[in-house]
Amino acid sequence: MDIPRIFTIAESRHRIHNPISPQKLAELGESLDLQPGMRMLDLGSGSGELLCTWARDFGISGRGVDLSTAFTEQARHRAAELGVEDRVEFLHGDAAGFVEENPVDVAACIGATWIGGGAAGTIALLRRSLRPGGILLIGEPYWHRPPTEEEARGCGCSASDWLTLPELLQSFLDLGYDVVEMVLASPDDWDRYEARRWIALRRWLDENPNDELAEEVRGLLRTEPLRLARFTRPLLGWGIFALMPR
Ligand SMILES: C[S@@+](CC[C@H](N)C(=O)[O-])C[C@H]1O[C@@H](n2cnc3c(N)ncnc32)[C@H](O)[C@@H]1O
C-alpha cells in the first residue's frame, strides 16, 4: 500500500509537500498559541515537517499518518534530526477513517482532503479526534477567479473541484465553524513547491534513463514549467485554514 512512485520521485527533495514556506508554517504555529504538552494529529503528514518543527519550536507532541513509505521514513529521520523523536510518531497507512482514541488539541489535514472525500468530509473526520475547544487545520486549494474548463484542466483538475477563496471561507462558516486564522500561498511559494520538483525529476532521469517511468518523467520536464506559468501560478491559490467549532 503506497502512493504512485512518480510522486515520490518528483518530491524526493521536499520537506513540505505543499506551496507554503517554513516561515509561514512557523508563523501559523505561533499564532495558534501552541503550548508544551499540547497534542496534535496530522492526517497525510507527508515528510513530517509540520509536526517535527512544531514539536521542536513549541514543545507539542503528536502523531502523523501517511500512505507513503518513503515520506514516512523521511518524517522519522527528520524527527531524529530535530531531536523530537520521543514526542512525535509517524504511522504508515491509510488515514481515511483514522480517529485518535484520546482527543487532541489540534487535528490537521494539510493538502490531502481526498482522505475524507473532500474538505467537508475531512473536517467531519478530524472533528472526531478533536477535544472541545480544539483547533482544526485544513490545507486546501482555491481559485483566484472561476476558471474555464480548459484553464482548470491546465491545473490538472476540473473547475468544480475547488471554490474561490470567499466561497471556501463561506463553506467553513456554513459547516458551523469560526475561521480563526489562515496562511495563504504566494506565487513564490508555488515556485518553491513546483520548481523544486523539476530538478528532482531531472536528476532522477539522469540516474535512471532506462526506468519504466523515464518517458513519463521526460514528458513532465517538457510540460511542467509552462503549466506552472500559464495556469497554476495565475489561477490557483492554496491556504491553510484554522477552524474552531462554534
Ligand atoms: C500534498 S501532500 C501533503 C503532505 C503534508 N501534509 C505536507 O504538507 O507536507 C499529500 C500527502 O497525503 C498522503 N496521502 C495520500 N493519500 C493518503 C491516504 N489515503 N492516507 C494517508 N496519507 C495519504 C501522501 O503520501 C502525501 O504525503
Side-chain angles (χ1 to χ4, degrees), residues 1-29 32 40-56 60 62-79 81-82 88-100 104 106-119 121-126 128-129 135-142 155-157 161-162 182-185 189-190 192-197 200 224 228 232 236-242:
M1 191 170 51
D2 214 322
I3 62 171
R5 194 160 65 102
I6 192 74
F7 291 114
T8 316
I9 295 168
E11 300 195 7
S12 61
R13 294 171 176 230
H14 287 58
R15 279 197 178 136
I16 302 171
H17 302 267
N18 272 309
I20 206 80
S21 65
Q23 292 77 8
K24 285 181 187 173
L25 280 190
E27 282 167 17
L28 178 63
L32 299 180
M40 176 167 176
L41 171 68
D42 189 5
L43 300 184
S45 45
S47 298
E49 192 67 4
L50 182 68
L51 269 176
C52 290
T53 54
W54 283 7
R56 177 196 61 190
I60 65 158
R63 196 195 316 256
V65 185
D66 199 281
L67 198 54
S68 164
T69 41
F71 295 163
T72 303
E73 206 47 46
Q74 284 179 189
R76 290 173 184 150
H77 276 120
R78 186 68 172 146
E81 190 178 43
L82 297 188
V88 295
E89 179 188 24
F90 292 98
L91 306 180
H92 171 245
D94 190 350
F98 187 93
V99 175
E100 282 285 5
V104 296
V106 182
C109 180
I110 310 297
T113 55
W114 56 84
I115 284 170
T122 301
I123 288 170
L125 172 63
L126 291 173
R128 293 167 60 196
S129 294
I135 292 181
L136 295 184
L137 296 178
I138 288 284
E140 190 76 341
Y142 60 86
C155 295
C157 50
D161 282 352
W162 315 120
M182 69 178 186
V183 288
L184 303 181
D189 295 328
W190 274 112
R192 293 302 82 243
Y193 177 49
E194 295 274 346
R196 184 171 286 143
R197 291 168 156 216
E224 290 304 276
L228 176 65
T232 316
L236 209 54
W238 193 89
I240 302 177
F241 303 90

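For ligands, and for the atoms within them, numbers begin at 1 and follow the listed sequence.
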Going through the checks in order, is the salt bridge (Lys or Arg N to Asp or Glu O under 4.0 Å) test met by Lys24 and Glu27?
CA-CA 5 Å; Lys24 285 181 187 173; Glu27 282 167 17; over 6 Å; no
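- In terms of protein heavy-atom proximity, atom 14 (N) of ligand 1 is nearest to Leu67 CB, 4.1 Å.
- Given atom 9 (O) of ligand 1, the protein heavy atom at minimum distance is His17 N, 2.8 Å.
- Looking at heavy atoms from C-beta onward, Trp190 lies in side-chain contact with Leu236 at the 4.5 angstrom threshold.
- The nearest heavy-atom contact from the protein to atom 24 (C) of ligand 1 is Asp66 OD1, 3.5 Å.
- Using a 4.0 Å cut-off between a side-chain N of Lys or Arg and a carboxylate O of Asp or Glu, Arg78 and Glu81 qualify as a salt bridge.
- Atom 6 (N) of ligand 1 has its closest protein heavy atom at Gly44 O, 2.7 Å.
- Heavy atoms of Trp114 found under 4.0 angstrom from ligand 1 belong exclusively to the side chain.
- For NE2 of His77, the number of neighbouring non-hydrogen atoms (other residues, nucleotides, ligands) closer than 6.0 Å is 12 at most.
- For Ile3, every heavy-atom contact with ligand 1 shorter than 4.0 Å involves the side chain, none the backbone.
- Between the side chain of Asp66 and the main chain of Thr72, no donor-acceptor pair closer than 3.5 Å is present.
- Shortest contact from atom 18 (C) of ligand 1 to any protein heavy atom: Asp94 OD1, 3.6 Å.
- Of the protein's non-hydrogen atoms, Ala112 CB, 3.6 Å is the one closest to atom 12 (O) of ligand 1.
- The protein heavy atom nearest to atom 8 (O) of ligand 1 is Asn18 ND2, 2.7 Å.
- Between Cys109 and Leu126, the closest heavy-atom pair is N-CD1, 3.8 Å.
- For atom 20 (N) of ligand 1, the closest non-hydrogen atom of the protein is Ala95 N, 2.8 Å.
- Contact annotation for Ser45 and ligand 1: only backbone heavy atoms (N, CA, C, O) come within less than 4.0 Å of the ligand.
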